[in-house]
Amino acid sequence: MNTEILRIDRKNPDEEGIEKAGQIIKSGGLVAFPTETVYGLGGDALNPTSSRKIYEAKGRPSDNPLIVHIADFDDIKRIASLDDDEYTIEDVSKKAKKLADLFWPGPMTIILNKTDAVPYETTGGLDTVAIRMPSDEVARDFITAAGGYVAAPSANLSGRPSPTRASHVIEDLNDRIDMIIDGGDVDIGLESTIVDLTGDRPLILRPGAITALDLAQVLEDIDYDPGIISADSKEAPKAPGMKYRHYAPKGELTVVRGEDSKVTEYINECAERDKHNLIKVGIICSDEHVLRYKAPSVKCAGKLGDETMVAHRLYSILREFDEEDVEVIYSESFEGGNLGRAVMNRLLKAAGQKIIDIDKI
Ligand code: TXA
Ligand code: MG
């Protein structure tokens, strides 16, 4: 299949091109598109054949449900059952509305009970549906042109880091899908916060740019899904996708945490030993620390304490290491600020939860 690339000038968006992209979705095809979090791989959420095609193009297990993207809050009614009787917590529809008022359009996904309009192919067999209204205007124009309901996982091959620019999508999905809308670099760089409203209490199934503190404005009793909190947790994560070792670079990644100078010393020792053994080493560090390290490939993730920049660069850096055939990667840890939690969640997943606590050894 020949993949068409549609380049969008954000100051002067190509309406005809977006219309054509929408038509592709309506006729059962697949289009990758930019959002403020990461690029998505879109298909018609209400068409089971389209959802099957998405799994096939990504090489993704079909028990891992897709997020349905909308462009207008009222469209939620067709896909989510907002009848409070069905829920164990009260006033779900009111809570969903309040969350939407505060954080939509934006990097938040809400899980609600689904209606019959949503095929099980889209929800990976679940009776619940994940819904998001992105803030990216190109994304919303495209969703509207596509009929209002676009199922979209991140537009990477399963197991690769999520794409934060169109060239990443081309690397993974060229010739596997009908079109890629190139809207330039995304804004945030990590996937949306997922909030589940279908259980006894509201839970964050995946941390993102909207934090627990933000959500507490509407949901006083918000908590994290225990399944995502620690590596040794016995509980399976509630979002099926969180159990897979996603975002994995080819190189073996270890995160090192602790007192600044000790972290540098430890990483340099390891890197020296690996180099001696002819292993290709890469390092991820803050901008200020770059001159401290001596490995052949040292990548700056952002200024100290600037987790927003780290979020923005992380997936790109992991892809660059793959291109350079780096075999072993050491990373400083990035835990501060609003995005610290989301950054560490993705970094530790890429590391298969391998973290060295330098102050404890
Ligand atoms: O920022 C984002 O959310 C991006 C952009 C494209 O919108 N999308 C994204 O989709 O990250 P994906 O498919 O890569 O991740 C969706 C996550 C998976 O972990 C999946 O298991 C979970 O959402 N999920 C989807 N529907 C669910 C449901 N009904 N119940 C629990 N988890 C669900
Ligand atoms: Mg993904």
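Quantities reported herein were computed from a predicted structural model and do not represent experimental measurements. Every number for a ligand or one of its atoms is a count from 1 in the order of the listing.
Ligand 1 has N64 within reach: a non-hydrogen atom of the residue lies less than 4.0 Å from it. Using 4.0 Å as the threshold, R60 has a heavy atom nearer than that to some atom of ligand 1.
Note on R257 versus E335: salt bridge recorded, some NZ/NE/NH1/NH2 to OD/OE distance being below 4.0 Å. Salt bridge status for D136 with R10: present, with a side-chain N to carboxylate O gap under 4.0 Å.
Listed by number with element, the atoms of ligand 1 under 4.0 angstrom from any heavy atom of S192 are 1 (O), 2 (C), 3 (O). Ligand-side atoms of ligand 1 in range of P240: 21 (O), 31 (C), 32 (N), range being under 4.0 angstrom from any heavy atom. Near G40, the atoms of ligand 1 lying under 4.0 angstrom from a non-hydrogen atom of the residue are 6 (C). Less than 4.0 angstrom separates some heavy atom of T37 from each of these atoms of ligand 1: 1 (O), 2 (C), 4 (C), 5 (C). Using a 4.0 Å cut-off to heavy atoms of P153, the atoms of ligand 1 that qualify are 10 (O), 12 (P), 13 (O). Close contacts of ligand 1 with T128, meaning ligand atoms under 4.0 Å from a residue heavy atom, involve 28 (C), 29 (N), 30 (N). Set against the non-hydrogen atoms of L126, the atoms of ligand 1 under 4.0 Å away are 28 (C), 29 (N), 30 (N). Every atom of ligand 1 with a heavy atom of E191 under 4.0 Å away is listed here by number and element: 1 (O), 2 (C), 11 (O).
Across every non-hydrogen atom of D127 and Y120, the tightest pair is OD1-OH, 2.5 Å. The heavy-atom pair separating G43 from L30 by the smallest distance is CA-CD2, 4.0 Å.
With a 6.0 Å radius and a threshold of 12 heavy atoms from other residues, nucleotides or ligands, E288 has its CD atom above the threshold.
Side-chain atoms of E332 come within 3.5 Å of backbone atoms of S286 as a donor-acceptor pair (strictly under, hydrogens ignored). A donor-acceptor contact shorter than 3.5 Å is absent between the side chain of D357 and the backbone of K360. For N268 (side chain) and R292 (main-chain N/O), a donor-acceptor pair under 3.5 Å exists by modelled atom type.
Between T35 and ligand 1, a contact under 3.5 Å exists for no N or O pair. Close N/O approach between R132 and ligand 1 is found [any backbone or side-chain N/O within under 3.5 Å]. Residue K58 has no nitrogen or oxygen atom sitting less than 3.5 Å from a nitrogen or oxygen atom of ligand 1, judged on distance alone.
At a cut-off of 2.8 Å, N156 is not counted among the residues with an N, O or S atom near the Mg ion (ligand 2).
Side-chain contact between L6 and K20 is absent, with no heavy atoms from C-beta onward closer than 4.5 Å.
Considering E191, H69, R132 in turn, R132 is the only one that fulfils the side chain to side chain donor-acceptor pair (under 3.5 Å) rule with T35.
With L112, I194, D63 as candidates, the residue nearest to atom 17 (C) of ligand 1 on a non-hydrogen basis is I194.
Under 4.0 angstrom from ligand 1, the non-hydrogen atoms of H69 all belong to its side chain.
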